[in-house]
Amino acid sequence: MAKTPAGIEIPEIIPDKCIGCQICISKCPVEAIKLTPDGKAWIDPEICEGCGQCAEVCPVEAVDLDRTERIKAGKRLRDKPFTPVSGQVVSVYIEIRNGKAADVSWELVGKARELADKLEARLAAFVLGSDVEEFCARAGSLGCDEVHLLEHDTLKRYVSSLYGHALSELAHKVQPEILLMGATSHGRDLAGVVATHLKTGLTADCTGLDIEEDSGLLLMTRPTFGGNIMATIFCENHRPQMSTVRPKVFPMPGLNEKKWKLIRHAWRPPESSVPELIAFIEDKSLLGIDITEYPVLIVAGKGACSKDSFPLLEELAGLLGGVVACSRPVVESGLMPYERQVGQTGKTVAPKLYIGVGVSGAIQHRVAIQGAERILAVNNDPDAPIFQVADAGIVGDYAQVLPELISRLKAKVKNHE
Ligand SMILES: Cc1cc2nc3c(=O)[nH]c(=O)nc-3n(C[C@H](O)[C@H](O)[C@H](O)COP(=O)(O)OP(=O)(O)OC[C@H]3O[C@@H](n4cnc5c(N)ncnc54)[C@H](O)[C@@H]3O)c2cc1C
């Protein structure tokens, strides 16, 4: 095997295995790989620095590089200071269901714009579906440089194998460094399929994203060990770096005046994965209450989990234009449905006002209310952890505090009439 002057082994292409996909060409940081007239990749030993990236990205293992050499190459690459490569892409998948885009997709466009600016990269949106072109303009107006549109009749309904194939094919074409998706039931399902197709890692349910200054790697933060610690995870050797992020973690971005372009893609579904739909069952959760959409949440905890407390909680919610949500024990007691649960295994919320009634403020609950503008806690234990994050607190029994609050609010409303 050939070596560089520094004695680093240079990889070789195995022509019989190479399918001419050119992924290695696009990934080579020193442009040492060319396509021969017979459609095979060829590595110029004069230019190659032996970084081993081509071996990492080759989908058919047509790059011959010893495993130990690969490990050494990976280390050399990590030790190298990061310099932005022009042409890098940060991408966001725009989730569209029942003719509506998920808000989390736009929230991610805003965050991805920041990440792309740090990397001096382009920001791309992936819009997939049937009859979904109208969503491209929104993606462009919120800061994307380019919007990739893939439309096909078979994408009218979400089928993971079809969407997975289509989005993976788009990612293969665009070669993003980063691919972000909403941690909704749709996004969680699709992200797993796409990460498997692309043979890359996936950090699910993130609550924070950033770029590491030295390496340019995406830092993906999420709660772990039952929410007791926050772990920051990165994906060193595979691309794209994939992450799903919960709704309401990032704010909705404002309008961005920059120019953007629309790029259409043709796609042919793989025959083997086009299922025959016999019947379609409507998603009932879309018909219920979405607690993330309310400006005020009255959150019932185990300390206010009784049939008698609910009329009070509902009345307070009604007066403030909000809705009643709850902690996990309340769902477990059967008093409220899961769709109302706030927390690590429930929903992340960012209301203008959160009122926790009989909520202790366990870490698995607190992690999902960080985005609330104001937190008010009602609890009979002055040492309850919820008071550590509350802007205001009332120490007392909810059965006495809530009627008093309600009557004062009513009096206020009356004075304004
Ligand atoms: C992996 C994992 C995931 C989890 N996911 C979630 C999640 O998504 N959401 C979630 O909420 N939890 C979740 N939990 C559970 C979490 O650890 C806590 O057990 C839970 O949040 C506690 O709920 P609570 O505050 O309602 O109840 P408690 O912790 O029992 O607190 C009840 C509070 O009510 C107060 N109180 C009692 N009586 C009154 C009264 N009369 N008036 C006023 N205050 C009163 C008490 O002082 C106490 O502070 C998860 C746990 C794990 C391990």
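Predicted, not measured: the structure shown is a model, and the values here were computed from it. Count residues from 1 along the sequence.
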Open item on the list: A side-chain contact here means heavy atoms from C-beta on lying under 4.5 Å apart; do Arg138 and Trp106 qualify?
Closed with: yes

TODO: Determine whether the side chains of Ser243 and Thr203 contain a donor N or O and an acceptor N or O closer than 3.5 Å.
DONE: no

Task: Non-hydrogen side-chain atoms of Gln241 and Phe234 separated by less than 4.5 Å - done: no

Task: Donor-acceptor contact below 3.5 Å, side chain Glu151 vs main chain Gly129 - done: no

TODO: Would you give the length of the straight line joining atom CG of Leu262 to atom SG of Cys136, rounded to the nearest 0.5 angstrom?
DONE: 5.0 Å

Open item on the list: I want to check something: taking the side chain as every heavy atom from C-beta on, are Thr348 and Thr207 in contact at a cut-off of under 4.5 Å?
Closed with: no

Open item on the list: Would the distance check show the side chain of Asp391 and the main-chain N or O of Ile375 forming a donor-acceptor pair, the cut-off being under 3.5 Å?
Closed with: yes

Open item on the list: Under a 4.0 Å threshold between the charged nitrogen and the carboxylate oxygen, would Glu212 count as salt-bridged to Lys118?
Closed with: no

TODO: List the steps, then state whether side chain to side chain contact (heavy atoms under 4.5 Å, CB included) holds for Lys199 with Arg239.
DONE: CA-CA 8 Å; Lys199 297 196 173 71; Arg239 294 293 177 271; over 6 Å; no

Open item on the list: Just to verify, which of His172, His148, His265 counts as forming a ring-ring contact (aromatic ring centres under 6.0 Å, His included) with Phe126?
Closed with: His148

Task: Exceeds 12 heavy-atom contacts within 6.0 angstrom, atom CD of Glu31 - done: no

Open item on the list: Using the rule given for side chain to side chain contact (heavy atoms under 4.5 Å, CB included), can you reason through Val342 versus Ile291, listing the C-alpha separation, both sets of side-chain angles and the distance that settles it, and then say yes or no?
Closed with: CA-CA 9 Å; Val342 173; Ile291 57 169; 3.8 Å; yes

Open item on the list: Does any part of the side chain of Pro176, heavy atoms only, come nearer than 4.5 Å to the side chain of Pro240, both counted from C-beta?
Closed with: yes

Open item on the list: Strictly below 4.0 Å, N to O, side chains only: are Asp64 and Lys17 in salt-bridge contact?
Closed with: no

- [ ] List the atom of Cys206, the atom of Met220, and the distance in Å for their closest heavy-atom pair.
- [x] SG-CB, 3.7 Å

TODO: Could you tell me whether the side chain of Glu373 and the main chain of Leu353 form a donor-acceptor pair under 3.5 Å?
DONE: no

- [ ] Using a 4.5 Å cut-off on heavy atoms from C-beta on, say whether the side chain of Tyr93 contacts that of Leu190.
- [x] yes

- [ ] Taking atom NZ of Lys27 as the centre, report whether more than 12 heavy atoms of other residues, nucleotides or ligands fall under 6.0 Å from it.
- [x] yes

- [ ] Quick one: pull up NE2 in His165 and CG in Leu155 and give me the separation to the nearest 0.5 Å.
- [x] 11.0 Å

- [ ] Look up atom SG in Cys18 and atom CH2 in Trp42, then write down how far apart they are to the nearest 0.5 Å.
- [x] 13.5 Å

Task: Between Thr184 and Glu95, a side-chain donor and acceptor under 3.5 Å - done: yes

Open item on the list: Between Ser26 and Gln22, do the side chains contain a donor N or O and an acceptor N or O under 3.5 Å apart?
Closed with: no

Open item on the list: Measuring from atom OG of Ser360 to atom CD1 of Ile386, what distance do you get when rounded to the nearest 0.5 angstrom?
Closed with: 7.5 Å

Task: Any Leu219 side-chain heavy atom under 4.5 Å of Ile211 side chain - done: no

Open item on the list: For a 4.5 angstrom cut-off between non-hydrogen side-chain atoms, does Glu177 reach Val89?
Closed with: no

- [ ] Might you point out which heavy atoms bring Tyr294 and Pro351 nearest each other, and give the distance in Å?
- [x] O-CB, 3.7 Å

TODO: Could you tell me whether a side-chain N or O of Ser309 sits under 3.5 Å from a main-chain N or O of Ala304, the two making a donor and an acceptor?
DONE: yes

TODO: Indicate yes or no: at least one non-hydrogen side-chain atom of Val357 is less than 4.5 angstrom from one of Val299.
DONE: no

- [ ] Write down the atom of Ala300, the atom of Val359, and the distance for their closest heavy-atom approach.
- [x] C-CG2, 4.0 Å

Open item on the list: Less than 6.0 angstrom separating the ring centers of Tyr163 and His152, yes or no?
Closed with: no

- [ ] Look at atom NZ of Lys40 and say whether more than 12 heavy atoms of other residues, nucleotides or ligands are closer to it than 6.0 Å.
- [x] yes

- [ ] Write down the atom of Leu162, the atom of Pro269, and the distance for their closest heavy-atom approach.
- [x] CD2-CB, 4.0 Å

Task: Residues Lys347 and Glu339 bridged, charged N to O under 4.0 Å - done: no

- [ ] Determine whether more than 12 heavy atoms belonging to other residues, nucleotides or ligands lie under 6.0 Å from atom NZ of Lys352.
- [x] no

Open item on the list: Could you measure the distance from the CG atom of Asn98 to the CZ atom of Arg157? Nearest 0.5 Å is fine.
Closed with: 7.5 Å

Task: Glu107 and Lys111 ion-paired at < 4.0 Å - done: no

Open item on the list: Assess the residue pair Val401 and Asn379 against the criterion (side chain to side chain contact (heavy atoms under 4.5 Å, CB included)); give the C-alpha distance rounded to whole Å, side-chain angles, the decisive distance to 0.1 Å, and a yes or no.
Closed with: CA-CA 9 Å; Val401 175; Asn379 198 305; over 6 Å; no

TODO: Looking only at non-hydrogen atoms, find the nearest pair between Thr244 and Gly187 and report the distance.
DONE: CG2-O, 4.1 Å

Open item on the list: Once rounded to the nearest 0.5 Å, what's the spacing between atom CG of Leu198 and atom CG of Leu179?
Closed with: 7.5 Å

Open item on the list: With a 3.5 Å distance limit and no angle check, can you tell me whether Ser91 reaches the backbone of Ile178 through a side-chain donor-acceptor pair?
Closed with: yes

- [ ] Spell out, as yes or no, whether a donor-acceptor pair under 3.5 Å connects the side chain of Lys261 to the backbone of Asp145.
- [x] no

Open item on the list: Looking at Asp131, I want to see if its CG is surrounded by more than 12 non-hydrogen atoms of other residues, nucleotides or ligands under 6.0 Å.
Closed with: no

Open item on the list: Using modelled atom types and a 3.5 Å cut-off, is there a donor and acceptor pairing between side-chain atoms of Arg222 and backbone atoms of Asp205?
Closed with: no

Task: Closest heavy-atom pair and its distance - Arg122, Glu146 - done: NE-OE1, 2.8 Å

